[in-house]
K.L.:
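Submitted below is the structure of interest, expressed as structure tokens.
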Amino acid sequence: MTTTTRILGKAIRRREDPALVTGRGKYTDDLRLPNMVYAAILRSPYAHARIKSIDTSKAKALDGVVAVFTGEDVAASGIPGVVPVGWLLPNLKTPAHPILAQGKVRHVGEAVAVVIANDRYTAHDALELIEVEYEPLPAVADPYKAVQPGAPAVHDEAPDNVAFDWEIGDKAATDAAFAQAAHVVSLDLRNNRLAPNAMETRGALADFDPANEKLTLYMTSQNPHIHRLLMSLASLGLPEHKIRVIAPEVGGGFGSKIHHYPEEAIISWASMQLGRPVKWQATRSEAFMTDAHGRDHVTHAELAIDADGKVIGLRVETYANLGAYLSTFAPAVPTYLYGTLLSGEYEIPNIYAHVVGVFTHTTPVDAYRGAGRPEATFVVERLMALGARKIGMDPAEFRRRNFIPPDKFPYQTPVALQYDSGNYEGALKKALELVDYENLRAEQAKAREQGRYIGIGFSCYIEACGLAPSAVVGSLGAQAGQWESAVVRVHPTGKVTVYSGSSAHGQGHKTTFAQIAAEILGVNYEDVEIVEGDTDTVQYGWGTYGSRSAAVGGSAIAVSAQKVVEKGKKIAAHLLEAAEDDIEFDAGAYFVKGAPDKSVTIQDVALQAYLAHNLPPGIEPALEATTFYDPANFVYPFGTHIAVVEVDTDTGQVKLLRYVAVDDVGNVINPMIVEGQIHGGIAQGVGQALFEGVVYDENANLLTGSLMDYALPKASQLPSYELDRTVTPCPHNPLGVKGVGEAGTIASTAAVVNAVMDALAPFGIEHIDPPLTAEKVWRAIQAAQGNGN
């Protein structure tokens with residue numbers, strides 16, 4: 001970077017917000033097209049049933065109904081008609097996932113038929129006129145029960161319900177470490193299933209033009225190019241260049257809008273059948289039933305510790321619920337995004353993990369904010385809390401003693417990853433200072449004497465994000481690249497347009513990406529426009545998920561902008577009649593070394609580049625550059641979060657008193673946006689710890705199908721967070737940045753649960769599965785006191 005214009009690191013207000021907060025943002029459901037009709041989808045009320053017949057005659061006869069389609073109609077049309085899997089593992093079983101059910105339904109909410117009508121109310125009324133004869137079949141929702149003998153099979157292709165059986169690490173060496181351990185702690189836990197609950201539910205507006213045989217699909221997408229690719233290859237069979245996917249404003253995703261779903265394909269196919277625009281918008285109830293859920297692991301884990309308090313082994317067995325079908329990246333989440341993070345921030349010489357991916361009669365499970373990393377952190381940090389208690393050591397000191405020291409980076413873990421950089425003790429030290437740890441422990445002891453149960457919980461987390469390089473993730477099973485693209489175009493007037501392959505759904509790309517380009521080009525921030533989210537406008541891209549936007553997408557912009565600066569230097573040298581080596585670039589102007597009065601601005605250079613009247617030999621006209629940036633490694637944010645809670649032992653109610661977070665996300669582009677993302681992430685992790693949980697009954701009926709049954713955290717239930725940072729720049733990308741979007745979520749669940757368990761230590765309670773509702777906590781206290789609850 002060569003400019004002295006400093007806009008990186010400044011807390012510039014998000015340029016996106018004025019439109020969004022005044023209701024002028026344009027979301028998918030705001031769009032209206034001429035001749036448009038509306039779709040409503042009939043969904044299975046059964047978790048597992050054979051479809052004996054479907055009678056659509058009464059629905060078709062209703063005034064205003066345009067068409068009614070079933071799975072048989074899709075099959076008869078000759079399109080592929082399936083939802084594909086985007087990550088493959090050895091011996092992975094991949095049963096077909098039709099976009100409309102054919103023959104059987106396998107989870108509550110599976111799409112059975114679609115009604116197209118002149119208005120959405122008529123479409124929904126017509127659903128009640130469709131007569132479906134089902135033969136109910138036994139169902140299973142729990143992944144551990146699903147692999148027991150006699151459990152009902154979800155698919156004939158996987159009669160044992162096992163989609164994959166995967167392991168990582170050295171089992172023999174780990175077993176040997178446990179054999180010689182001075183202390184062993186073990187833990188059985190359930191990482192509770194979560195529903196994403198983006199503010200905007202999923203929606204799609206498909207417009208097929210029969211004359212040009214081209215489909216334009218507006219949809220709530222985190223990655224339009226991926227959706228175009230999968231729609232072409234697996235669902236519709238249309239050539240990729242005949243599909244245009246546009247993501248207008250997208251009201252949050254948390255991972256749920258990465259995946260390819262049946263609904264968007266159904267709506268597109270219906271538009272192709274009718275030659276008319278068709279719109280569908282999920283109700284909140286549909287979102288609960290069909291948006292890919294997150295987490296849902298059943299795990300047994302053990303930690304081996306030597307006599308000096310050093311961890312010498314970690315052993316994990318996990319049954320990961322995949323739901324009824326394999327969602328887009330589902331196989332990657334409990335394997336390469338979970339098993340590879342089990343070293344945490346610690347120097348653990350022996351690790352072995354065994355993961356079984358299991359089909360059940362539940363909604364498919366896929367990446368949800370953090371995707372595998374929160375599950376791994378929860379296992380490791382719960383074990384570290386139990387280990388410290390077992391050997392009678394302060395939990396902060398136990399962690400510090402086992403940290404990977406700063407001089408050991410790059411550090412190769414026993415579970416595949418090579419951490420690029422880190423200073424874990426620095427983050428812990430700052431967090432301890434911020435929370436005033438010694439005094440806090442003294443206050444805790446004093447409170448206990450008064451009958452108040454205060455708990456202090458730690459979570460020292462690491463995240464692997466910005467997955468890369470493409471060749472490596474491809475060798476692990478990814479059916480997608482992990483590079484990102486950017487075009488930086490300086491117009492003849494000196495204004496700048498950046499075309500990014502990332503696609504925002506609330507992160508503030510238009511602000512942070514403009515900061516990157518403005519800094520490097522030395523132009524006004526206001527003169528930079530960011531374009532993304534349209535497959536016909538943007539060259540190509542892999543979208544926004546896994547905290548990759550700044551580290552990968554931002555780096556692509558930085559490289560392109562630097563290429564523009566370098567090309568401009570050649571033109572400036574020609575204009576100033578100087579050698580290129582004698583030209584310096586600073587704050588948007590080219591100077592001759594030692595003669596600062598001889599200069600031209602980048603705007604002057606841009607105009608000459610387009611006029612092309614006086615360019616140096618061999619230089620093409622125009623001033624723009626394209627980059628397809630493929631990182632050398634993942635990036636590894638880390639930090640320490642400390643939660644302080646108080647438990648009312650009469651009611652079981654948990655109150656979060658304080659929350660301290662020290663994160664290291666490398667260099668920071670916009671601290672306001674970084675802090676905002678940490679705030680949101682912490683809220684989601686606290687939600688998992690205390691409030692949220694998708695619940696199925698024994699027959700796999702969904703019991704938490706609305707916001708009346710599923711508790712999201714409210715602002716009044718959260719304290720004002722106390723945030724700070726350390727800065728350890730990423731050593732291998734041009735900005736030195738890491739990811740931040742998921743950090744808060746990854747850290748906070750473990751911190752809060754550890755705090756509650758610390759509060760309950762006097763009762764001898766070691767673990768309660770989240771969410772730690774008042775009832776669960778109260779029952780645990782009663783049981784510990786021998787009250788038989």
Side-chain angles (χ1 to χ4, degrees), residues 16 86 216-233 240-241 243-250 253 255 257-260 328-329 367 465-471 473-474 478-490 496-517 520 528-564 624-632 634-635 669 733-735 737-739 741:
E16 294 90 342
T216 300
L217 175 61
Y218 304 86
M219 64 179 289
T220 48
S221 173
Q222 296 180 217
N223 31 240
H225 287 91
I226 292 182
H227 280 121
R228 181 179 71 169
L229 176 64
L230 299 181
M231 202 74 77
S232 173
L233 286 177
E240 193 176 2
H241 68 282
I243 302 174
R244 179 183 186 184
V245 176
I246 302 171
E249 297 291 359
V250 178
K257 294 168 183 170
I258 302 171
H259 323 306
H260 185 44
T328 309
F329 292 124
C465 54
L467 309 186
S470 297
V473 296
Q479 304 300 295
Q482 290 295 310
W483 47 266
E484 198 47 87
S485 72
V487 170
V488 172
R489 178 175 300 156
V490 183
V496 178
T497 302
V498 175
Y499 301 87
S500 170
S502 300
S503 188
H505 46 285
Q507 292 88 345
H509 289 185
K510 290 180 180 176
T511 303
T512 52
F513 286 177
Q515 286 182 258
I516 294 169
I520 297 173
V528 181
E529 182 187 14
I530 305 299
V531 176
E532 55 182 7
D534 184 338
T535 56
D536 268 14
T537 303
V538 173
Q539 54 290 341
Y540 207 91
W542 293 106
T544 293
Y545 51 88
S547 297
R548 69 190 304 271
S549 294
V552 189
S555 291
I557 293 170
V559 174
S560 281
Q562 195 60 46
K563 288 178 181 175
V564 166
E624 70 173 58
T626 302
T627 298
F628 296 88
Y629 176 77
D630 200 0
F634 294 43
V635 291
I669 298 169
N733 70 46
L735 296 168
V737 299
K738 303 174 184 174

K.L.:
When you measure from the side chain of Arg548 to the backbone N and O of Gly543, does any donor-acceptor pair fall under 3.5 Å?
P.N.:
yes
K.L.:
Would you say Val635 and Val737 make side-chain contact, with heavy atoms under 4.5 Å?
P.N.:
no
K.L.:
Could you report the tightest heavy-atom contact between Trp483 and Pro631, atom names first, then the distance?
P.N.:
CA-CD, 4.5 Å
K.L.:
Just one of Tyr629, Phe628, Tyr499 clears the side-chain contact (heavy atoms from CB on, under 4.5 Å) bar with Ser485, so which one?
P.N.:
Phe628
K.L.:
Test side-chain contact (heavy atoms from CB on, under 4.5 Å) on Tyr545 and Ile226; report intermediate values, then the result.
P.N.:
CA-CA 12 Å; Tyr545 51 88; Ile226 292 182; 4.2 Å; yes
K.L.:
Got a second to check how far Phe513's CZ is from Ile557's CD1, nearest 0.5 Å?
P.N.:
4.5 Å
K.L.:
Quick one: CD1 on Ile516 to CG on Leu735, what's the gap to the nearest 0.5 Å?
P.N.:
5.0 Å
K.L.:
So which atom in Ile669 and which in Thr512 form the shortest heavy-atom distance, rounded to 0.1 Å?
P.N.:
CG2-O, 3.8 Å
K.L.:
Can you check whether Gly255's main-chain N or O pairs, donor with acceptor, with Gln222's side chain at less than 3.5 Å?
P.N.:
yes
K.L.:
What residues form a salt bridge (Lys or Arg N to Asp or Glu O under 4.0 Å) with Glu16, not counting sequence neighbours?
P.N.:
none
K.L.:
Would a distance-only check, ignoring hydrogens and angles, find a side-chain to backbone donor-acceptor pair under 3.5 Å from Ser232 to Arg228?
P.N.:
no
K.L.:
To the nearest 0.5 Å, how far apart are CD in Glu484 and CG in Asp630?
P.N.:
10.5 Å
K.L.:
Ignoring hydrogens, what is the shortest heavy-atom contact between Val552 and Gly466? Give both atom names and the distance.
P.N.:
CG2-CA, 3.9 Å
K.L.:
Could you label the plane-to-plane angle of the His227 and His260 rings as parallel, tilted or perpendicular, counting under 30° as parallel and over 60° as perpendicular?
P.N.:
tilted
K.L.:
Side chains of Glu240 and Thr535: closer than 4.5 Å at any heavy-atom pair?
P.N.:
no
K.L.:
To the nearest 0.5 angstrom, please state how far the CD1 atom of Ile243 sits from the CG atom of Leu217.
P.N.:
8.5 Å
K.L.:
With no hydrogens and no angle check, is any side-chain donor or acceptor of Glu532 less than 3.5 Å from a backbone partner on Ala504?
P.N.:
yes
K.L.:
What is the ring orientation for His225 with Tyr540, classed by angle as parallel under 30°, tilted 30 to 60°, or perpendicular over 60°?
P.N.:
tilted
K.L.:
Would you compute the distance between atom CD of Gln539 and atom OG of Ser500 and round it to the nearest 0.5 angstrom?
P.N.:
7.5 Å
K.L.:
Which pair of heavy atoms, one from Ile258 and one from Ala367, lies closest together, and at what distance?
P.N.:
CD1-CB, 4.4 Å
K.L.:
Could you grab the distance from atom CD1 of Ile520 to atom OG of Ser560, nearest 0.5 Å is fine?
P.N.:
9.5 Å
K.L.:
Going by heavy atoms in the side chains, are Thr544 and Gln507 under 4.5 Å from each other?
P.N.:
yes
K.L.:
State, without any angle test, whether Ser549 and His509 hold a side-chain donor-acceptor pair at a distance under 3.5 Å.
P.N.:
yes
K.L.:
Quick check: closest heavy atoms across Pro734 and Val559, and the distance to 0.1 Å?
P.N.:
CG-CG2, 4.0 Å
K.L.:
Quick one: list whatever passes salt bridge (Lys or Arg N to Asp or Glu O under 4.0 Å) with Arg244, sequence neighbours left out.
P.N.:
Asp534, Asp536
K.L.:
Can you see which heavy atom on Gly546 is nearest to which on Cys465, and at what distance?
P.N.:
O-CB, 3.1 Å
